[in-house]
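Please read the structure below before turning to the comments.
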Amino acid sequence: MKQSARKISSQKIISVCAILVSLYLAMIITVTSLGQDKLKAAQYRELDLKVKSYASTLDNLFTLASEDIDHLSTDRTVQTFFANLASGMSMEYGLGASLINLKRKLVEKSSSKAVNNQIIYRQITLTAPDGSPIASTEKSARSFIDTSRFIDVESRSDGVTAFQSASGVVIQVVKPVMFSGKAVGYLIADINKAVVIAQLTNQEHEDSYSRLVLQINDAEMKVWDSISRTLDIDATATEALDAALAEKIYFEVPVDHHHFKLMAWFESLSERDLYTSQAFISGLSVLAIMIVVGLLYAFNLNNTRVGLKIKLEEEKKRKEFLSEQNQRLASEVERRKASEEELAFQAKHDSLTGLPNRVYGSDRLALELSRAERMGSNVLVMFIDLDHFKQINDSMGHFVGDEVLKLAAERLQNAVRKTDLLARIGGDEFLLVIPDLQDADSAKRFATTVLSVFNEPFVWQNHEFFLSASVGMSMYPQDGSNVEQLLACADMAMYRVKQDGRNAFCFYDHNMNQDLQRFLELESRLRHAISQNLLELYYQPIIELDSGKIVGAEALMRWNDDKFGFVNPEEFIAIAEKNGLIHQLGDFAIRQACQQAAHWQSVAPLFVSVNFSSVQFRYCERLFDQIKQHLEESGLPAEMFDVEVTESLLFNHSGDLMEMLHNLRSLGAKLTIDDFGTGYSALSYLQKFPFDRLKIDRSFLQNMFENESDRELVNVIIAMAKALNLKIVAEGIEEQRHVDYLKNLNCEFGQGFHYSRPLPAKDFEALLAKPTWL
């Protein structure tokens with residue numbers, strides 16, 4: 001009875017399951033038949049919205065690129081380049097630096113614009129109107145670009161165009177660069193086709209049964225095509241492909257703003273969707289039969305076997321989980337170990353050159369000293385400082401300076417032995433430790449090898465840079481017994497080389513400590529001299545060459561110390577610039593010069609010129625307030641106060657400097673560019689800054705009659721100043737023939753020993769009584 005009841009119960013269950021499966025199949029067939037048309041309509045609307053969404057996405061991408069290149073065409077770096085080019089600036093004087101800044105700007109723009117971590121621009125090129133390239137982000141830039149096809153692009157605001165090349169379709173954004181109301185070049189940005197394809201395929205997959213083509217002008221670019229692969233049709237077989245596409249759902253979405261359109265083909269739902277086909281209904285019927293058979297099999301399974309199988313599966317999953325956790329733990333340990341090794345390397349090495357840094361170099365030197373003490377050997381410590389390296393940073397930029405610095409480090413590394421230690425301890429300073437040194441002659445050979453590294457020029461991107469080095473050396477145990485002593489001694493020896501002319505080597509000498517002591521004592525006594533008003537201003541007359549009258553005076557600072565006697569201004573001013581006393585010296589000079597010149601106005605109307613340190617110009621607002629305050633307190637008319645600006649200060653000027661010079665002009669003060677011709681002379685400085693006078697440096701007059709090039713430079717400087725309506729002051733007049741030559745060139749003013757040396761205020765006032773120097 002129990003078996004019979006169980007059998008009847010099983011039959012009922014099977015019957016109920018069979019009836020439910022039949023009802024389910026009937027419902028599926030009915031719904032499929034009634035909903036086929038609605039599914040097709042829904043599919044059409046969905047695909048239409050999808051293609052329009054793609055068109056909108058592409059429109060946004062092209063709009064972004066168009067506006068971005070448009071902004072680049074008006075960027076200050078681009079405009080500065082064409083301004084320098086228009087002013088006739090040469091590659092040697094400024095245009096080369098401007099071109100490097102332009103290339104850097106293009107590279108920065110190309111690498112900074114990305115969509116979903118993909119770079120938008122494959123290449124950005126700046127060309128002249130005739131198509132010759134000026135600058136490009138690629139090293140192998142196009143040799144010539146046909147700009148005739150850009151005529152239609154210029155009339156449109158978007159600048160998007162495309163053409164068919166040998167490598168495929170090229171999509172570009174073209175913008176003319178306008179300067180002074182005319183086109184002086186073209187900015188051409190090649191769009192990365194991978195970005196376009198990624199933007200149009202982010203919702204597609206291999207089995208999407210679709211085809212999408214982007215048409216710009218007359219160029220067509222296939223974005224994806226799964227229809228050809230599905231139908232096994234070669235995409236180059238035009239007739240067969242067109243016949244197959246004619247049966248597909250077709251959409252065409254034009255975007256007039258950017259002159260492109262999207263063309264899309266899709267298979268209909270009934271053709272590609274398994275769930276709406278008759279084949280699927282047949283499959284459901286077979287599946288229903290299999291379900292019934294499965295139910296019969298399930299009722300006959302032994303419950304014990306099912307439970308055992310479940311337990312085995314759970315145990316397997318648990319083992320797999322533990323194995324996965326162990327793998328993750330091992331990976332995390334390896335990752336942390338690699339991270340710790342990387343941090344340890346970075347803590348001991350220079351990030352730019354890869355050489356050991358100051359900390360690691362000092363540690364290694366300490367180990368070598370310990371070993372030398374045990375072995376009784378010598379250790380050579382060498383300080384290497386690159387000469388005039390700051391000029392490369394100032395003229396070409398820090399990026400170029402870093403590249404040259406890496407080249408110098410590479411040469412030095414190749415010149416030393418594997419047992420030696422080369423470390424970078426500062427901006428352009430290197431430390432070389434040579435263990436097991438035999439004698440002083442060996443040290444000289446090592447130093448000569450280091451200096452020879454800089455014999456050949458350093459070449460970077462077709463630019464040649466000539467460098468030299470100053471090398472200071474100390475030896476263990478003669479010059480010190482620990483790291484600090486040896487490094488200090490080598491540093492002092494290196495600075496001695498700097499003072500003696502650079503590009504040489506020098507051993508440490510105990511007498512060098514005396515120079516250091518002089519520096520420290522001079523610094524202390526200078527502070528005392530400032531606080532006790534022991535400094536004095538001397539005045540050198542500025543003569544009007546035609547009349548021979550004194551029309552001005554240059555204020556020069558002098559210091560006669562009780563212990564050291566007369567101290568050269570270059571020496572104590574350099575000390576003041578290093579310790580911050582320069583601002584107090586400057587305030588003293590302005591106050592004294594204004595008061596003295598105001599007093600002399602009753603004797604003879606003359607102006608007073610004051611030189612300022614470049615350190616003072618770092619605090620433009622403070623310096624301007626000092627000048628304004630002392631002019632008001634002394635009563636000296638502002639037009640009788642002349643500010644002399646060193647030409648080298650203008651090369652990397654700031655906005656604060658420009659603002660201060662304009663404020664001085666508004667106040668009424670005069671501006672003179674000093675030492676013209678010795679720095680980075682450029683016509684653009686004279687045009688940009690509001691100067692009244694130009695001073696020719698005395699170095700040109702010293703050998704003017706013996707050196708034809710110096711004489712020609714004087715002629716050119718005077719002619720250029722005349723063209724810009726600048727008054728000219730010639731320094732270093734020592735002979736009457738200097739006066740005669742300069743007067744023939746219509747030079748207005750002069751000063752030098754031919755007239756008078758700098759004098760104290762009392763002696764200068766007596767000089768004012770002299771009629772003329774004619």
Side-chain angles (χ1 to χ4, degrees), residues 488 492 495 498-499 512-540 553-601 607-636 638 640-646 649 656-657 660 663-664 667 669 674 757-766:
M492 279 191 281
Y495 275 105
K498 292 281 188 183
Q499 294 174 0
M512 293 179 183
N513 278 326
Q514 297 178 359
D515 296 336
L516 180 60
Q517 292 298 325
R518 173 181 170 85
F519 176 88
L520 296 175
E521 192 167 357
L522 273 176
E523 181 181 20
S524 175
R525 297 186 69 83
L526 179 60
R527 292 182 185 274
H528 175 74
I530 293 174
S531 63
Q532 299 299 319
N533 292 322
L534 299 178
L535 297 170
E536 185 179 3
L537 282 186
Y538 277 44
Y539 301 90
Q540 186 175 29
E554 181 177 3
L556 302 169
M557 192 167 292
R558 297 292 183 262
W559 179 26
N560 195 358
D561 185 66
D562 293 338
K563 178 178 180 179
F564 293 101
F566 176 77
V567 182
N568 193 304
E570 292 184 358
E571 183 177 10
F572 73 78
I573 288 177
I575 294 174
E577 287 179 336
K578 291 180 180 178
N579 59 21
L581 294 175
I582 190 66
H583 301 292
Q584 298 180 43
L585 288 180
D587 186 74
F588 167 78
I590 298 170
R591 182 178 65 255
Q592 289 292 105
C594 288
Q595 292 176 354
Q596 194 64 62
H599 169 70
W600 285 333
Q601 296 304 309
F607 64 87
V608 62
S609 294
V610 179
N611 280 292
F612 293 95
S613 167
S614 60
V615 177
Q616 292 175 268
F617 282 106
R618 296 175 190 169
Y619 305 89
C620 293
E621 185 175 353
R622 176 180 179 178
L623 181 58
F624 177 76
D625 291 340
Q626 288 177 341
I627 295 173
K628 184 177 179 181
Q629 176 188 350
H630 293 306
L631 285 175
E632 293 175 352
E633 292 178 352
S634 65
L636 178 69
M640 291 300 180
F641 188 80
D642 185 26
V643 177
E644 293 194 7
V645 180
T646 304
L649 180 67
D656 292 340
L657 175 62
M660 177 193 171
N663 289 339
L664 286 173
L667 190 64
D674 192 20
R757 294 177 178 272
L759 300 172
K762 183 178 180 181
D763 296 339
F764 185 87
E765 187 170 342

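Counting from 1, the numbers follow the sequence of the chain as shown. Side-chain atoms are counted along with the backbone in the values below, which use heavy atoms only and exclude waters and symmetry mates.
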So which heavy atom on [X] is nearest to which on [Y], and how close?
X      : Y      : result
Val567 : Glu571 : CG1-OE1, 3.9 Å
Gln616 : Gly586 : NE2-CA, 3.4 Å
Ala598 : Leu636 : N-CD1, 3.8 Å
Met660 : Phe624 : CE-N, 4.1 Å
Gln601 : Ala597 : NE2-O, 3.0 Å
Gln592 : Tyr539 : O-OH, 3.8 Å

Is any side-chain heavy atom of [Y] closer than 4.5 Å to one of [X]?
X      : Y      : answer
Glu521 : Phe564 : yes
Leu585 : Met557 : yes
Asp625 : Arg622 : no

Evaluation steps, side-chain contact (heavy atoms from CB on, under 4.5 Å), between Asn611 and Glu554: CA-CA 8 Å; Asn611 280 292; Glu554 181 177 3; 2.6 Å; yes
Distance (rounded to the nearest 0.5 Å) between [X] [atom1] and [Y] [atom2]:
X      : Y      : atom1 : atom2 : value
Glu621 : Asn663 : CD    : CG    : 9.5 Å
Cys594 : Glu632 : SG    : CD    : 10.5 Å
Leu526 : Leu535 : CG    : CG    : 6.5 Å
Arg525 : Asp562 : CZ    : CG    : 6.0 Å
Cys620 : Leu657 : SG    : CG    : 5.0 Å
Glu765 : Leu759 : CD    : CG    : 12.0 Å

Side-chain donor-acceptor pair present, Glu633, Gln629, cut-off under 3.5 Å: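 Yes, Gln629 and Glu633 have a side-chain donor paired with an acceptor closer than 3.5 Å.
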Aromatic ring pairing Tyr619/His583, orientation class (parallel under 30°, perpendicular over 60°, tilted between): perpendicular
Trp559 and Phe572 aromatic ring geometry - parallel, tilted or perpendicular at 30°/60° bounds: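 Aromatic pair Phe572/Trp559 classed perpendicular.
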Neighbour count >12 (heavy atoms, 6.0 Å) for atom CZ, Phe612: yes
Audit row: Gln595, His599, side-chain contact (heavy atoms from CB on, under 4.5 Å) steps and yes/no: CA-CA 6 Å; Gln595 292 176 354; His599 169 70; over 6 Å; no
side-chain contact (heavy atoms from CB on, under 4.5 Å) evaluation trace for Arg558 with Leu537: CA-CA 6 Å; Arg558 297 292 183 262; Leu537 282 186; over 6 Å; no
Steps toward side-chain contact (heavy atoms from CB on, under 4.5 Å) verdict (Phe617, Val645): CA-CA 9 Å; Phe617 282 106; Val645 180; 4.1 Å; yes
Gln584 side chain vs Leu581 backbone, donor-acceptor pair below 3.5 Å: no
Sole candidate of Ile627, Ile590, Leu623 that passes side-chain contact (heavy atoms from CB on, under 4.5 Å) when paired with Val643: Ile627
